[in-house]
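Chain A is the first sequence line, chain B the second, and so forth, proteins listed ahead of strands; every chain is numbered from 1. Every heavy atom of this structure was used, including side-chain atoms; hydrogens, water molecules and symmetry mates were not.
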Amino acid sequence: MKVKNILDRYLVMGMLLTAGLSSCEKYVTIDVAPGQLSAEDTYATPASATAAVLTLYSFYNTTQYSLPYFTVTGALPADELQYNGSTADNLEFAQGSVTPGNVTLANNFWYYPYVVIREANLAIDGISKSTTLPDSVKHQLTGEAKFFRAYYFYFLVNYFGDVPLAVNTLELDNARLARSSADKVWAQIISDLKDAESMLPSAYASSSAYPRSRVNKYAAAALLARAYLYTKDYTNAETEATRVIGAADVTYSLPALNSTFINTSPEVILQFSTQFGYSTLFGSSYRSSSATAVPLYTLYPGFVNSFETGDQRATNWVDAVVSNGATFYKINKYKLATATAGNEYNVILRLAEQYLIRAEARAALNTNLAGAQDDLNAVRNRAGLAGTTAATSAELLAAIAAERKVELFGETHRWFDLRRTGTLNDVIGGVKASYRSATKGLLPIPTTQILVNPILTQNEGYN
Amino acid sequence: MELLVHGKAPAHGRSLPAKLLFIMRLTAIFILAASLHVSASGYSQEVTISSRNITLEKVFRLLEQQTGYSFLWNEQLLDKTSTVSIDVKKASLTQVMDLCLQGTGLAYRIRDKMVLIEAAPSIRAEPSTMALPPGEIHGRVVNEKGEPVESVNVLVKGTGKGATTNANGEFKLSKVDGNATLVFSGANIETYETVLSGKVQVTVTVKTKVSALDEVQIIAYGSTTRRRSTGAVSSVTSDDISKQQITNPITALQGRIAGAVITQDNGLMGSAVRVSIRGAGSGVSMAGYVPLYIVDGVPFTLFNGGFPATDNLNAYGISGANGGISPLSMINPDDIERIDVLKDADATAIYGSRGANGVILITTKKGATNRTIFSLNANHGIAKVNHFIPMMNTPEYLAMRTDAFNYAGVTPTTANALDLKVWNQTAYTDWQKWAIGGTAHTTNATASVSGGNAQTKFLYSSTYRTEGTVYPGSYNNNMFSNRINAGHSSRDGKFNINLSASYSTMKNNLPSVDLSSIYNLPPNFPLYNSDGSLNFTLASPLSYLMKKYDGSTSNLIGNLVLSYELMPGLKVKTNLGYSTTRLSQTSTNPASAQNSASSTVSQLLYAKNDNDNYTIEPQVEYNRTIGRGRLSALAGTTFQQNKATGISMEGTGFSNDNLITSIAAANKIVIDYNNYSLYKYSAVFGKLNYTWGNKYFIDATGRRDGSSRFGSGHRFGNFGAIGAAWIFTEEDLFRSQHILSFGKLRGSYGITGNDQILNYQYSSLYTATSAYNYNGVSILYPSNMANPGLHWEKTTQLDLALELGFLKDRVLLKTDFYRNLSTDVLTFITTPTQSGTNSYMGNLPAVIENKGLELELNTINVTTGKFRWTTSLNLTIPRNKLVAYPNLANSFYSSSYVIGQPANVQMFYQYAGIDPKNGLPLFKDQNGDGQMTYAADRVPANVGHPFYGGIGNSLSYEGLRLDFLFQFSHRMGYRNSTIGTYPNTNPFGFTYANQSKEALNRWRAAGDQALYPAATVASSTSMQDFIYYSSSAWGDASFIKLKTVSLNYSLPARWVKKINFTAVTFYAQGQNIFTWAKQKYTYDPETSVSGADPGVGTGRYMNFPPLRTMVIGVNCSF
């Protein structure tokens, strides 16, 4: 009797305790905050999955992330852009001798591209696991995600050479990766772009209110053409560029110079629409809201001598401001400097480059030099210049290089072109006293990253 | 305090109705009397009566005359014929009352200045009405005030027999010889002997020893005294606080508490305060080390999942020049009675999860059972920056820039060298004087009224404070704070209710950017261009003045404590707390304040944030005497919720800059952030305390905690501690000596936890935001890297202490040794950014040891009749070490941590001076491989604080009193914030930035044996990176501050009385008077920059300094 009483008592106490603790457990279990979704829910509906993929476009299109730096700061080491500000990090870029402790380098050049790559990896994984998304949506979104992964690896491999190849969702494993050879990175870029090209439709997914601002099949092909060109796979470069130039279901053509950079331009293959409140990153960097003020980035005075006489790009795409007795040459491709709603977006891929890619591929293959001349002339004629006089493969390659300089300036091509054509040391060595040729045009791996992942090796010329 | 004393009980209790009537009548009289007899002090309480056979009535009349106390009795109760014989000299009132009521069946109560005579309650008398077995003695021990004295040892002299008094001062002895001598002794009483002479009921009045050891200390869920405490507790009292000119009460602890490093981020009003107790948070970047603040029982740590972990009110809002806003700046220092800092596991473990970083208990002032007191404290003062950084003048600056161009072989032009080619070559502005050279005015007024009687007490206080800034222009901070504390207890003392509530509002207007940051503008920088527009070549100081920040905060804290004594020894109690803080902010960036070279869009940041916090803590408390010891037990549960919600918007495109503070006038509105942060916490806890005599104390606490910040399976953690103390001077061995008046050994061991991390980190989430959108679609982005295994951080804490008192406690020394081992340290674990994230919330496998020695010494150096000089010293010798880190070599921290070194180890290239040939810095190639590599060529530097502390003195002569406190810190750190520390990592003259005078010691020409490298406009790894990661600017960064000087003069009591005041004090006080620092190249060696430093105030980055404040004021009460 007594024993039973005691047992009963313990039983009751135990039950009370369990009830108490389970109510505690319930009390401290909370729902996710409003405004948040689990990964599974995110990729359950077309609308939320699309919102997740649009992240790839949006964050990195504002003034803070990678693209503004890739296109502007990253172009500083070359011989086209002069920096007129006093920010120490940018001055290092302008001198062509970035130090490994540079914070812009660590964040905007190294970290943020990987942020986009991680988000693309998560999207590819999330979409593939979704059981509710229709196939058409899966193809569209996966294609876009793969394009972005390729696009950011393209910058990484160009700025740093060998880089860690993080292509899955296991962040902690990716964190420990060593640098993969540039060849492997290029192979990944090409494979992703081929997938994207095959998955994406020709039609732009963006509405007419935001023309050509989502990745389509031709955007993937255009970037793929560039990737083949950089890896010297000229046959494939020609094929991909031809696909874009010859597209029948989307009209791509070269309009007048002054219409090239407006957002309804038929030349645009891909453009990123502006965030409200932000101007195009090119416009805000190269222009100033006051006509008399000196923008932060202007062309080197010597650069304007590169234009042939009669080149209308020298007048349409360049203008000048005089300050303290010195002349500063402004890039005038984009006309709007401020954030007021306008008709300009950030142009990412355009047709003129495809002509120049195909011209270069044909010249290098030395099989269709006439075709190369035609392509080159398509660009020259639009600028009001006569057809090229270059006839041999070597002459054509030199002419194409010169044409790229005056056609694509301010669009982040110059530095990469000099590097891939092996002319960097000759050209920059003459322009910048502090340029260090031992670096072979590669940026240093950020010190902070070598500290946390010692398996990373430093690039040459930085020890 | 109400007390009831009875003599020998009558054989029969009185009938209830008569008694009730009597009580009611008495109460009415009492209330009337209490309101009329507001002041009767000044009468002597010492009584001398020598009379034989006088009636009780006469005795009472005599006592009335001698003590000033009023006597009230029911005529029917008093037997007019019975008489007593009394012969006492200088006895206390209670002694006389005890004597004369003995055996009369009467009892008395003393309330305020009244003595109420009533029938002894029959219930209490019950045990005594039974005939006691032969040899059994019942007794009671009271002090001079008639209050029962607990834990008195009662010994039967010459035998081993003894007992200890209970909470009512009662004791029982059996089998005692009728003529035995009883010896009463205790920690805080003077030893007393009495001979029984056949008595079986005794009431003994003992004398209290007055010692600092017996001051009440507030501890977790209760109070104790320093003498009896088993935990490591350090305190400051309202007396210490009132000597300082501070606006945040936590800063009153600076230099006064051993084991705590306390800094304010900057000297601007409202700015964040960082407290690190016993090294919490040192070394491990970003781990939360915010201690648990408890204000009158309500948790007030408003940590709302911000990152890095802070309790800043604006964690999700906007920051103005003052950075983070401390919620504690809303608590008026004048309202605070005492602040107790609990440091070891014994003291903190009862708070479980929340106690790992230490606990700071803030107790506000309560009303007193006394007459009504009005008091007023008002002061006015001025404040200035007390240290400016020595910077180069114009010729020195221009020479450096010229050298820099020459060295790099670059020609200065009007494009790349405005300072040399365009700006006036002789202009000079001292930018520090321009920006922060002004004088700030402060005014502070507090008025309070308090009062009460034995059952009800209240205090109301109200403060208004206005502070200016030293910036050019008119900026200020106004605070209005109100507090009420009220308590009531039922007549039988069983039911108690206590309410405290405070409401304060603060309005702060400041520039949105701290102007002290312009110290390194070139001295010839012109504010305007030649065309009259603002010069934006560098940040325009004038534009800073146009960007305004406004913040309004209101804060309500309410706390209700209800308790009821169910039966003797058993009490139920509930603690209900609620606090709510509302913060609304605007920050403007008008188009006119922007550089027209880049985009100019007028912008308004607008934020509203609310933080609501409630806590419910039902508890059961049980006390009983077991043997000679006393057991007290406490059990309870906690439910706590913290909800932070807020919205942060950005409006752009205003048609007119005058409309800029209205979000409705914006062309476009973006919601930057819509914060929702919910934290729930629940726990069950228990506490057992056993006291044996006045010698042995044992304390055990346990707690099971659940936190919503962890995922399923990891939500609960168990925490607990045991502590013990032994007052060895209570042993017979020590009775014969007089040098050591107090000696205690104590120790504790326990485990505490920490959950100061962001909410929802255990699961992977996508966050929706319209702040970023694409093609008009709001995006969803992966906001974190999930860590489902996230669990509690645990710290095992050991504390051993020796406390000694010498020469009747005139010298008190407390020495604590502590060792805390932290495991599963919660932090944002840094990841290589190639993973796409720079960190994730996780438990670091590291074992980090914080150990140290704390010393507190209080001495009364001189105490004569009028002159008194006391000194207090505290010293802390802390050590921090990374004890273990499994597989460190393969972790992300392989190059940041070294096992056996402090966790905040700094790995540096060893600076080897300047190459006289070319002015380039040299570094030691540690492994001799001919090149500098991060992995192999860096060595650990000396880090940390070898010691720190404070020394205060107080001198008084009659009404005059002088107090001053020095705070000192011997520590390693950056010796020059202008050189070699981010963002000053560039060579001298690299860009438009002035340098400190140290740059004069640079290399200029071949052969120079210089201290610093050459000036150059060319970037180079050795000049920038290597120097930044080198020991060149590292070393002894110690400092001493004359923190506080306070001079008070109290008017003599007789003067004050004439004007019907009780006290009038005039004072002059100064705060942050002077700093002697090795590091002259920062404003103040202790400031921090929000988000920059992981640790507390290193002074590494320059920030607005605490001002030298001097005030005069008056404090009076009547």
>> Quick check on A:Phe328 against chain B: is it the side chain, the backbone, both or neither that has a heavy atom closer than 4.5 Å?
In response: side chain
>> Using side-chain heavy atoms (C-beta onward) and a distance below 4.5 Å, is A:Leu172 in contact with B:Thr831?
In response: yes
>> Under a plain distance cut-off of 3.5 Å, with no hydrogens placed, do B:Thr767 and A:Gln36 share a side-chain donor-acceptor pair?
In response: yes
>> Distance alone, cut at 3.5 Å: any donor-acceptor contact between the side chains of B:Thr837 and A:Arg118?
In response: no
>> Quiz question: by atom type and distance under 3.5 Å, do the side chains of B:Thr833 and A:Gln449 form a donor-acceptor pair?
In response: yes
> Relative to the ring of A:Phe272, is the ring of B:Tyr774 parallel (under 30°), tilted (30 to 60°) or perpendicular (over 60°)?
Replying inline: perpendicular
> Using non-hydrogen atoms only, which part of A:Leu456 is less than 4.5 Å away from chain B: side chain, backbone, both, or neither?
Replying inline: side chain
>> Quick check on A:Asn84 against chain B: is it the side chain, the backbone, both or neither that has a heavy atom closer than 4.5 Å?
In response: neither
> Within a strict 4.5 Å, meaning less than it, do heavy atoms of the B:Asp1025 and A:Thr447 side chains meet?
Replying inline: yes
> What do you reckon, are the aromatic ring centroids of B:Tyr766 and A:Tyr43 less than 6.0 Å apart?
Replying inline: yes
> Side chain, backbone, both or neither: which part of A:Ala166 has an atom under 4.5 Å from a heavy atom of chain B?
Replying inline: side chain
> Between A:Ser207, A:Ser273, A:Ser58, which is the residue that forms a side-chain hydrogen bond (donor to acceptor under 3.5 Å, both in side chains) with B:Asn775?
Replying inline: A:Ser273
> Is it the backbone or the side chain of B:Ser533 that comes under 4.5 Å from a heavy atom of chain A, or both, or neither?
Replying inline: neither
> Considering only heavy atoms, which portion of B:Ile829 lies under 4.5 Å from any heavy atom of chain A: side chain, backbone, both, or neither?
Replying inline: neither
> Do you see a donor-acceptor pair shorter than 3.5 Å between the side chains of A:Asn453 and B:Gln834?
Replying inline: yes
> Do B:Ser1019 and A:Ser97 have side-chain N/O donor and acceptor atoms under 3.5 Å apart?
Replying inline: yes
> Do A:Leu56 and B:Tyr781 have side chains that get closer than 4.5 Å, going by heavy atoms?
Replying inline: no
>> Which atoms of B:Gln641 are under 4.5 Å from chain A, going by heavy atoms: the side chain, the backbone, both sets, or neither?
In response: both
> Side chains of B:Leu538 and A:Ser86: does their closest heavy-atom pair fall under 4.5 Å?
Replying inline: yes
>> Under the rule for side-chain hydrogen bond (donor to acceptor under 3.5 Å, both in side chains), what residues qualify as partners of B:Asp419, not counting sequence neighbours?
In response: B:Tyr397, B:Arg401
>> What part of A:Ile117 gets within 4.5 angstrom of chain B, counting heavy atoms only: side chain, backbone, both, or neither?
In response: neither
> Under a 4.5 Å heavy-atom cut-off, does chain A meet the side chain of B:Ser778, its backbone, both or neither?
Replying inline: backbone
